[in-house]
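Let me begin by presenting the structure, written as structure tokens, before commenting on it.
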2 protein chains.
Amino acid sequence: MKSASSTDKLEEVLGELKKSRLKLTKPRKAILLALVQNHGPFTAEEIHKIISKKVCDLATVYRCVASLEEAEILRRVEFGDDSSRYELAHDTHHHHLICTRCKRVEIVDEPELEEIDRFVKKRGYSNITHSLEFFGICPDCL
Amino acid sequence: MKSASSTDKLEEVLGELKKSRLKLTKPRKAILLALVQNHGPFTAEEIHKIISKKVCDLATVYRCVASLEEAEILRRVEFGDDSSRYELAHDTHHHHLICTRCKRVEIVDEPELEEIDRFVKKRGYSNITHSLEFFGICPDCL
DNA sequence: GTTTTCTTGCGATTCGTTTGCATTTACATT
DNA sequence: AATGTAAATGCAAACGAATCGCAAGAAAAC
């Protein structure tokens, strides 16, 4: 199975948006396009820059990512630096490997890590999610 | 091997503090005592309440936890709710399981999870650390 | 096209955290 | 014990990320 093209992906995501009860507005479309076209989780501020500040106010970006996260179209990621980052939830579950020197972000999607949640299932918890991020110094920075 | 008593633990931690080049001040002693006596990672604000606000200013708590983290006596933990929490770094490496309803925090220290970092070692990264937190609904809240 | 409901812009506001600066304290040195 | 000095503190002001109130604007429903 080939990976979908950028436009395919955008249509897919916009489809998800229509299925939710969220309205299809210009800021939301711009944000989703930005995340389809660009890699890596971004802060609201970064998204605001990418879509161009003329599209909408920064406050609107915050409100959009919040509603899109609620609708499970976006996923929030925390790198422990006091700001939330967002990426398409549609992408397969994965984690990040962040170089603490150059801030490069790599994707980690080892199949063995898929089963992580089972360690807490036996405690009777439900609706389990987890957040796993790696930090280290990348080969280039050594 | 028995777990150390509260006073043993406190002395051990104060020993670490002396070995660092940090001065042994009243606020730092109070904070370490608070973390020896109480479970779970706490925010600066929570620590400030525990040690009693008379001990020092909130700004001092922030400065203390920062220096104690730097000295690797405390460890910072993020639950993705826009505030940092601190616990004794001395305690064995573990993760947290946070009930998203009642905010209860449990410790997760499955031995199988110890080896997590190896998934990124093969990418040539060094000084690897990771942050893994679980979120779910606890049996009592169901 | 009109109504209803959601969304936005803009400014003000909150909240966690940090900082500047004068003062105080811990600790080393005499 | 008195002194010197570098580090730590209190207090208030400043900060940055995120949120909110409200009036105006735009989408979807009728």
Side-chain angles (χ1 to χ4, degrees), chain A residues 13-34 41-87 103, chain B residues 13-34 41-71 73-87 98 103:
Chain A
V13 175
L14 290 179
E16 288 182 54
L17 179 51
K18 269 178 207 147
K19 270 188 292 181
S20 76
R21 54 202 154 320
L22 297 178
K23 290 183 177 171
L24 201 64
T25 65
K26 182 173 63 161
R28 287 183 185 152
K29 277 185 272 190
I31 289 170
L32 292 177
L33 177 62
F42 299 109
T43 63
E45 205 107 26
E46 289 167 343
I47 293 174
H48 194 212
K49 255 179 221 134
I50 295 174
I51 66 176
S52 147
K53 307 200 179 198
K54 290 175 208 158
V55 172
C56 67
D57 194 77
L58 176 59
T60 298
V61 176
Y62 277 106
R63 283 188 278 226
C64 284
V65 293
S67 59
L68 291 169
E69 188 199 359
E70 179 86 30
E72 295 187 309
I73 294 169
L74 297 188
R75 175 195 302 138
R76 186 195 350 206
V77 183
E78 308 270 348
F79 287 172
D81 66 345
D82 299 323
S83 51
S84 298
R85 288 175 168 76
Y86 295 85
E87 63 185 3
K103 309 295 174 195
Chain B
V13 175
L14 290 179
E16 289 181 55
L17 179 50
K18 269 178 209 149
K19 270 188 290 182
S20 78
R21 53 203 156 318
L22 297 178
K23 291 184 176 171
L24 201 65
T25 66
K26 183 172 63 161
R28 298 215 252 242
K29 277 186 271 188
I31 289 170
L32 292 176
L33 177 62
F42 299 109
T43 63
E45 204 107 28
E46 289 166 344
I47 293 174
H48 194 213
K49 255 180 221 133
I50 295 174
I51 66 176
S52 147
K53 307 200 178 195
K54 290 176 209 158
V55 171
C56 67
D57 193 76
L58 176 58
T60 298
V61 176
Y62 276 105
R63 282 188 277 226
C64 285
V65 293
S67 58
L68 291 169
E69 187 199 0
E70 177 86 29
I73 295 169
L74 297 188
R75 175 195 302 137
R76 187 196 347 208
V77 184
E78 308 270 348
F79 288 172
D81 65 346
D82 298 323
S83 51
S84 298
R85 288 174 168 76
Y86 294 87
E87 63 184 5
I98 303 109
K103 309 297 174 192

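Below, chain A is the first sequence line, B the second, and so on; all start at residue 1.
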Within this structure, what is the [atom1]-to-[atom2] distance between [X] and [N], rounded to whole angstrom?
X      : N       : atom1 : atom2 : answer
R28(A) : dA26(D) : CZ    : P     : 15 Å
K29(A) : dT8(C)  : NZ    : P     : 11 Å
D81(B) : dA17(D) : CG    : P     : 17 Å
R76(B) : dG16(C) : CZ    : P     : 16 Å
K18(A) : dA27(D) : NZ    : P     : 13 Å
E70(B) : dA7(D)  : CD    : C1'   : 15 Å
K26(B) : dC27(C) : NZ    : P     : 14 Å
R85(B) : dG16(C) : CZ    : C1'   : 12 Å

Looking only at the side chain of [X] (C-beta and beyond, no hydrogens), which of the listed nucleotides [options] gets closest?
X      : options                   : result
Y62(A) : dC27(C), dT19(D), dT17(C) : dT19(D)
A59(A) : dT9(D), dC10(C), dT8(C)   : dC10(C)
T60(B) : dG10(D), dT8(C), dA18(D)  : dG10(D)

Practice task
Check whether any side-chain nitrogen or oxygen of T25(B) sits under 4.0 Å from OP1 or OP2 of dA7(D), and answer yes or no.
Solution key: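 For dA7(D), OP1/OP2 do not have a side-chain N/O of T25(B) under 4.0 Å.
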
Handout entry: dA18(D) OP1/OP2 closer than 4.0 Å to side-chain N/O of S84(A)
Key =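 The answer is yes; a side-chain N or O of S84(A) sits under 4.0 Å from OP1 or OP2.
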
Exercise for the section: Supply the atom-to-atom distance L74(B) CG to R85(B) CZ, rounded to the nearest 0.5 angstrom. Expected result: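 The distance works out to 15.0 Å.
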
Practice task
Heavy atoms only: give me the nearest I51(A)-C56(A) pair and the separation to one decimal.
Solution key: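 It is CD1-SG, 4.1 Å.
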
Handout entry: Heavy-atom pair with the smallest gap, counting every atom of V55(B) and P27(B)
Key =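 Heavy-atom minimum between the residues: CG1-CA, 4.0 Å.
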
Problem - A59(A) backbone acceptor or donor facing H48(A) side chain under 3.5 Å - result: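 A pair under 3.5 Å: no.
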
Practice task
Could you tell me whether the side chain of R28(B) and the main chain of K23(B) form a donor-acceptor pair under 3.5 Å?
Solution key: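 The answer is yes, because a donor-acceptor pair under 3.5 Å joins these two groups.
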
Handout entry: Upstream residue (5' side of DNA chain C) when L22(B) and R21(A) are each assigned their closest nucleotide
Key =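 It is R21(A), whose closest nucleotide lies nearer the 5' terminus.
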
Practice task
Starting from the 5' end of DNA chain D, give me the residue, D82(B) or P27(B), whose nearest nucleotide shows up first.
Solution key: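 Result: P27(B).
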
Exercise for the section: Take R76(B) and Y86(B), measure what side-chain contact (heavy atoms from CB on, under 4.5 Å) needs, and give me the verdict at the end. Expected result: CA-CA 5 Å; R76(B) 187 196 347 208; Y86(B) 294 87; 3.8 Å; yes

Practice task
Using only heavy-atom distances, decide whether a donor-acceptor pair under 3.5 angstrom links the side-chain of K23(B) to the base of dA6(D).
Solution key: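 Yes, the side chain and the base share a sub-3.5 Å donor-acceptor pair.
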
Practice task
Kindly say whether, by distance alone, the side chain of R63(B) makes a donor-acceptor pair under 3.5 Å with the base of dG20(C)?
Solution key: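 Checked by distance alone, the answer is yes.
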
Exercise for the section: Select base, sugar-phosphate, or nothing to describe what T43(A) touches, counting heavy atoms under 4.0 Å on all strands. Expected result: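 Counting heavy atoms under 4.0 Å across all strands, no contact is made by T43(A).
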
Handout entry: T60(B) side chain reached by T25(B) side chain, heavy atoms, under 4.5 Å
Key =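 No, too far: nothing below the 4.5 Å cut-off.
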
Handout entry: Pair L68(B)-L17(B), side-chain contact (heavy atoms from CB on, under 4.5 Å): steps then yes or no
Key = CA-CA 8 Å; L68(B) 291 169; L17(B) 179 50; 4.0 Å; yes

Practice task
Check DNA chain C against residues 44-58 of chain A and give the residues with a non-hydrogen atom under 4.0 Å, in numerical order.
Solution key: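 By residue number: V55(A), C56(A), D57(A).
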
